[in-house]
Undergrad: 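Take this structure first; my questions come after.
This structure is a prediction, so every number in the text was calculated from the model and none was measured. Protein chains get the first letters and strands the later ones, always in sequence-line order, with residue 1 at the start of each.
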Protein chains: 2
Amino acid sequence: MVLPPVSDADLDRAFAALADPVRRAIIARLSRGAATVNELAEPFEISKQAVSKHIQVLEQAGLVSRTRDAQRRPVHLEAARLEAMTAWIDRYRLAAEQRFRALDAVLEHSTAPGSARATTQISTDKEKQS
Amino acid sequence: MVLPPVSDADLDRAFAALADPVRRAIIARLSRGAATVNELAEPFEISKQAVSKHIQVLEQAGLVSRTRDAQRRPVHLEAARLEAMTAWIDRYRLAAEQRFRALDAVLEHSTAPGSARATTQISTDKEKQS
DNA sequence: TCCTTGATCAACTAATAGGTTGATTACAAC
DNA sequence: GTTGTAATCAACCTATTAGTTGATCAAGGA
């Protein structure tokens, strides 16, 4: 499976798109299957035009795509872009967690209360995260 | 590990926070260890005040926290909030992928033998008509 | 053809976000 | 005390965004 490259600007748009509760609800709905604009607009109080704009934002973010079916324009979820987002997050989340575990292991072996704390920075990290 | 509840507004702020390339770069830097505002501001062309604002945004999003060390206010990554974001995304991404696989399996058995074109795009189109 | 439905386009408004510069707070070293 | 350093506060500017209403387009169905 070939994954297309995801640029910095792509991530900008993808994260910004999911920063809105209406758009996240649309994503949640689409995870159960494709839907038209009218179907997607039904649960919300806002106008159909506003929902159409939200879908455009999601489409430009690469999170959804649209096909054609007579007058209808069914919207589909693009799971690949969601995957690219988790890939970005996990890259740094896992790096940080691994660093914390390594730090815990070090402190495990040097439990010397009262000794000089030359590394206030590191010990602060430990206290905050454990 | 105790995971605190993450509200809708929390997700709003978290996703909006990662929608900015400067803030994503800050997260990437912090995954290698805590840093001060001056250290974080160094790679960027923008003013230190602007970086300070970015850190406030990340802090209000629950993605970083700050401790105290004399005049310095070292910034730490909060991996738990990153994990909450991937949890949200994966919930719907995996649901969609599972649905696609199930549809592919159906098309595998019902379509004429010869060419298997049960791609996700086509399967969603067919799914809509059911 | 005319009418209905699905969806977008266009223009406008109010609120928010990212950036700037200048002043101010908090702490430490001398 | 005075000075130097780390960081934030305050005021301001500009661009973007989410929402509105009204008009328009595109495709079927009578």
Undergrad: Between A:Arg23 and A:Ala16, is there a donor-acceptor pair closer than 3.5 Å when you use the side chain of the first and the backbone of the second?
TA: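 Yes.
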
Undergrad: Among D:dA7, D:dG19, C:dG19, which nucleotide sits nearest the side chain of A:Ile46?
TA: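 My answer, after comparing the listed nucleotides, is D:dG19.
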
Undergrad: C:dT8 C1' sits how many Å from A:Leu40 CG, rounded?
TA: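 Rounded to whole Å, this separation is 15 Å.
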
Undergrad: Taking all heavy atoms of B:Ala28 and all of B:Ser31, pick out the closest pair and write down the distance.
TA: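 Scanning both residues, the minimum pair turns out to be O-OG, 2.7 Å.
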
Undergrad: Rounded to the nearest Å, what distance is computed from the CG atom of residue B:Asp20 to the C1' atom of nucleotide C:dG19?
TA: 11 Å

Undergrad: At a cut-off of 3.5 Å, list every protein nitrogen or oxygen paired with a nitrogen or oxygen from nucleotides 21-28 of chain C, distance to 0.1 Å.
TA:
from, atom 1, to, atom 2, distance (Å)
C:dG22, O6, B:Gln49, NE2, 2.7

Undergrad: Between D:dA7 atom P and B:Ile26 atom CD1, what is the distance in whole Å?
TA: 12 Å

Undergrad: Would you kindly check whether a donor in the side chain of A:Lys53 faces an acceptor in the base of D:dA18, or vice versa, at under 3.5 angstrom?
TA: no

Undergrad: Between B:Arg29 and B:Glu39, what is the shortest heavy-atom contact and its length?
TA: NH2-OE1, 4.3 Å

Undergrad: Calculate the interatomic distance between B:Glu45 atom CD and C:dT20 atom C1'; express it in whole Å.
TA: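 Spelled out: CD on B:Glu45 to C1' on C:dT20 is 15 Å.
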
Undergrad: Is the backbone of A:Leu18 close enough, under 3.5 Å, to the side chain of A:Arg24 for a donor and an acceptor to pair up by distance?
TA: yes

Undergrad: Do B:Ile46 and B:Ile27 share a hydrophobic cluster, counting only Ile, Leu, Val, Met, Phe, Trp and Tyr and linking them when any side-chain heavy atoms are less than 4.5 Å apart?
TA: yes

Undergrad: At less than 4.0 Å, is any side-chain N or O atom of A:Asn38 found next to OP1 or OP2 of C:dT5? Yes or no.
TA: no

Undergrad: Does C:dA17 have its OP1 or OP2 closer than 4.0 Å to a side-chain nitrogen or oxygen of B:His54?
TA: no

Undergrad: Between P on D:dA18 and CG on A:Leu18, what's the gap in Å once rounded to a whole number?
TA: 12 Å

Undergrad: How many Å lie between CZ on B:Arg13 and C1' on C:dT16, as a whole number?
TA: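 The answer, rounded to whole Å, is 14 Å.
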
Undergrad: Using whole Å, what does the distance between atom P of nucleotide C:dT8 and atom NZ of A:Lys48 come to?
TA: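 One finds 9 Å between P of C:dT8 and NZ of A:Lys48, rounded.
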
Undergrad: Provide, to the nearest angstrom, the distance between the CZ atom belonging to A:Phe44 and the P atom belonging to D:dG19.
TA: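 Atom-to-atom, A:Phe44 to D:dG19, this comes out as 10 Å.
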
